[in-house]
Number of protein chains: 2
Amino acid sequence: MPRRRITQADVAAMAGVSQATVSFVLNDRVPEGVHISADTRQRVRDAIRITGYSANPVAQRLAGGRNQIIGVFTYEATFPGGGRDFYGPFLVGIEHAAEQLGIDILLFTSARVVEGRRRLTRDGWQRLGIADGCLLLGQHEDRSELQHLLDTNYPFAFIGKRASEGGRLPYVGADYVTATRRAVERLVALGHRRIGYVGELGTDQPTLDRLEGYRATVQQAGLSARLVTEEDPAATAAAVVDQGLTALVVAPERDAEELSDALLARDVRVPRDVSVLLLGQPHRRLRRPQEWSGFAIPREEMGARALLMLSRLVANDDVPETELHQLLECPEVEGATAAPPPGAPAPGGQGPADPTELATAP
Amino acid sequence: MPRRRITQADVAAMAGVSQATVSFVLNDRVPEGVHISADTRQRVRDAIRITGYSANPVAQRLAGGRNQIIGVFTYEATFPGGGRDFYGPFLVGIEHAAEQLGIDILLFTSARVVEGRRRLTRDGWQRLGIADGCLLLGQHEDRSELQHLLDTNYPFAFIGKRASEGGRLPYVGADYVTATRRAVERLVALGHRRIGYVGELGTDQPTLDRLEGYRATVQQAGLSARLVTEEDPAATAAAVVDQGLTALVVAPERDAEELSDALLARDVRVPRDVSVLLLGQPHRRLRRPQEWSGFAIPREEMGARALLMLSRLVANDDVPETELHQLLECPEVEGATAAPPPGAPAPGGQGPADPTELATAP
DNA sequence: CGTCGATAATAATGCGCATAATCCCCTTGT
DNA sequence: ACAAGGGGATTATGCGCATTATTATCGACG
């Protein structure tokens, strides 16, 4: 006997009022010109308690209300190939915050992958409409899709810094510039003068930020930038040796362990001969994660903060402009892969620029 | 200008038919006595293509239709404390299958935690109704809640074997009995005669199954069961040494690495002195996962298969009884922690029972 | 005494869809 | 010539809620 679920009409009948009144009491906000007495309110509340009524989120949504569901959209396909290793921590943070807020999470896994990336369109915007708002995750967002979101005033927030669209995109990102700056400064403080950047020269925001932090700091210390962009670990190791680098900052797209092995093959040891700082934990899980120095990316916190921001956006809490763009600090990781350069046992202040620099860098 | 989204009415107008006709064509299934000509069908399809219409899942659901959303409910709180390490792989499998099927995933993170476990009720069944069906994950399900699901005919499926409720609960589980049996058989084949079971004596299904597999195999080999239930690794190691065990099967709730360390402290080495097989990868991530022998739990596949089963249940594909209870095979893991017992270098067939057995086991 | 303004609430509407009930027209049988 | 039947669609209804428009009562004011 699948007896009907309790509806507002049931509650209304019990309280001796109309369905509309129940709705008003529930939302605790009556339109202009409508009044509900304290007594009636109480009767409705009692009826709700007695019947155990709870709102049908589907109907709420259809009628244009909120339903405490936040969508999560990932531009890159989470499958196959360990995408989750990367997105997992964000999800964890999002779920955590959602649990606190009493919000359900809708994963848009149905969006088909077109040319390697997911599309919000293609099979309909409509599915977005189930959720009160949506968190966007990944690199390759689509301009026109974003424009549509802005046009329709659909609440959304990015996880990861977004500089485009004239700063109209709400986001929670990680402060790679500062974190990279500090990493390089650590190396400089240890006495390093030939500090290389190992990574790809992409145009994505994280890479731009890391490079900016690296370049600015290196320049400020009177050193020159040395980019090692080889993809192959062996080639990278060769470049490091050729350029006589004593320290490296390694972007997450490169595998520090493979690099370390390749260096070892040339009898170059970390950190004895070359110090290594990771600019964020890599996508692949490390065999010995605790050993690597550098900084961590606060992925869980980013997810949680983004959900918080979005829920405020949804509630239309008039979020101030300044809170729409959050950059979280990347915690430093001490590790064991940073040491003074060989032949310079005393870590000191900032000395003069490397005297061999002009000779090796044309 | 937030122009309205395309509705069936729009499509209908363009095709010169009624909204109902569009609905019929879309669902490709007309009620008794209704007929749509091939020509009309084509006009509607064209209109759909031109307008880029896609159904509003919320309205679909409210009107009693399906909306391609599957819920995932986790009984244990996923937070705090690495719950995701455990549930993550299931989720990955679920998402993977969902992507194939064009289904979205709704995580019921909003269900508040009462006394350490989540409740489907408490804050409303209604939220379940958003999804076409629901996957249930975790140990501590509630009888009355299940009964309600059965009563209301709400489609659901468990991930993990469920023997209760007279076999009416659909599930996809892992065959721990067989996997454990094979693990013990491996040890017997290596020549071991004193094989211990390390783990907790819970009444949960996985534990019951592991114990059943262990007891049956040990008995069949003419050996006696030796349960080591100490929680502390050091105490476990002591018990292992006291009982003169040469091999262990270790349930996932115990940390094999800690145990190994504790054994090492007594100068007992794995696998030289004691062989160890893991009865499923442990919850905590291992430092050297590849080294441990035993079997793996096909978590991703379980998630995927469960979603497949549920989607068939939802579609009312008349799933045969036999497919409602699936047990997946646990792949063996070779590893390096299993070896012949000390002093018995030649791994042979099944010899006689351990001669010292009666002396040490009262 | 009629009317304005507030209070207190209700009836009515529509969200977009699935589906039951109904309608119209044309062919066939008698 | 007229009923019966079936193909081809339409209209109507309701899902449960938010929201707008409307009604009713009452005290105060001129």
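Reminder, nothing fancy here: chain letters follow the sequence lines and each chain counts from 1.
In terms of heavy-atom proximity, Phe73(A) sits nearest to Ala111(A) at CE1-CB, 3.7 Å. Nearest heavy atoms, Ala306(B) versus Ile159(B): CB-CG1, 3.6 Å. Looking at every heavy atom in both residues, Leu136(B) comes nearest to Phe156(B) through CD2-CD1, 3.6 Å. Between Gln8(A) and Ser23(A), the closest heavy-atom pair is OE1-CB, 3.5 Å.
When rounded to the nearest whole Å, the span between CG of Leu62(A) and C1' of dT19(D) equals 13 Å. If you take CD of Gln8(A) and C1' of dC17(D), they are 5 Å apart, rounded to a whole angstrom.
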Check nucleotides 7-9 of chain D against the protein and report each pair of N or O atoms closer than 3.5 Å, with its distance, or say if there are none.
from   : atom 1 : to       : atom 2 : distance (Å)
dG7(D) : OP2    : His35(B) : NE2    : 3.3
dA9(D) : OP1    : Thr40(B) : OG1    : 2.4
dA9(D) : OP2    : Ser37(B) : N      : 2.4
dA9(D) : OP2    : Ser37(B) : OG     : 2.7
dA9(D) : OP2    : Thr40(B) : OG1    : 3.1

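Contact footprint of chain B on DNA chain C: nucleotides with an atom under 4.0 Å from a non-hydrogen protein atom, first to last in 5' to 3' order, dG16(C) to dA21(C).
Nucleic acid contact class of Ala55(B) (heavy atoms, under 4.0 Å, all strands): sugar-phosphate only. Using a 4.0 Å heavy-atom cutoff across all strands shown, Ser23(B) reaches at least one base atom of the nucleic acid.
One finds a salt bridge joining Glu99(A) and Arg118(B) here, because a Lys/Arg side-chain nitrogen approaches an Asp/Glu carboxylate oxygen to under 4.0 Å.
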**Prompt:** Passes side-chain contact (heavy atoms from CB on, under 4.5 Å), Asp132(B) versus Ile103(B)? Steps please.
**Reply:** CA-CA 10 Å; Asp132(B) 296 338; Ile103(B) 285 177; over 6 Å; no
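Between the two ends of the helix from dC1(C)-dG30(D) to dT30(C)-dA1(D), each summarised by a five-pair axis, the helix axis turns through 80° (rounded to 10 degrees).
Note that the CD atom of Gln42(A) and the CZ atom of Arg49(A) stand 6.5 Å from one another [nearest 0.5 Å].
In terms of phosphate contacts, Gln19(B) brings no side-chain nitrogen or oxygen within less than 4.0 Å of OP1 or OP2 of dT10(D).
Residues passing the side-chain contact (heavy atoms from CB on, under 4.5 Å) test with Ile36(A) are Thr21(A), Phe24(A), Val25(A), Val30(A), Val34(A), Thr40(A), Arg41(A), sequence neighbours excluded. With sequence neighbours excluded, no residue satisfies salt bridge (charged side-chain N to carboxylate O under 4.0 Å, His left out) with Arg66(A).
Applying the salt bridge (charged side-chain N to carboxylate O under 4.0 Å, His left out) test to every pair with at least one member in residues 15-27 of chain A, sequence neighbours left out, gives no pairs at all.
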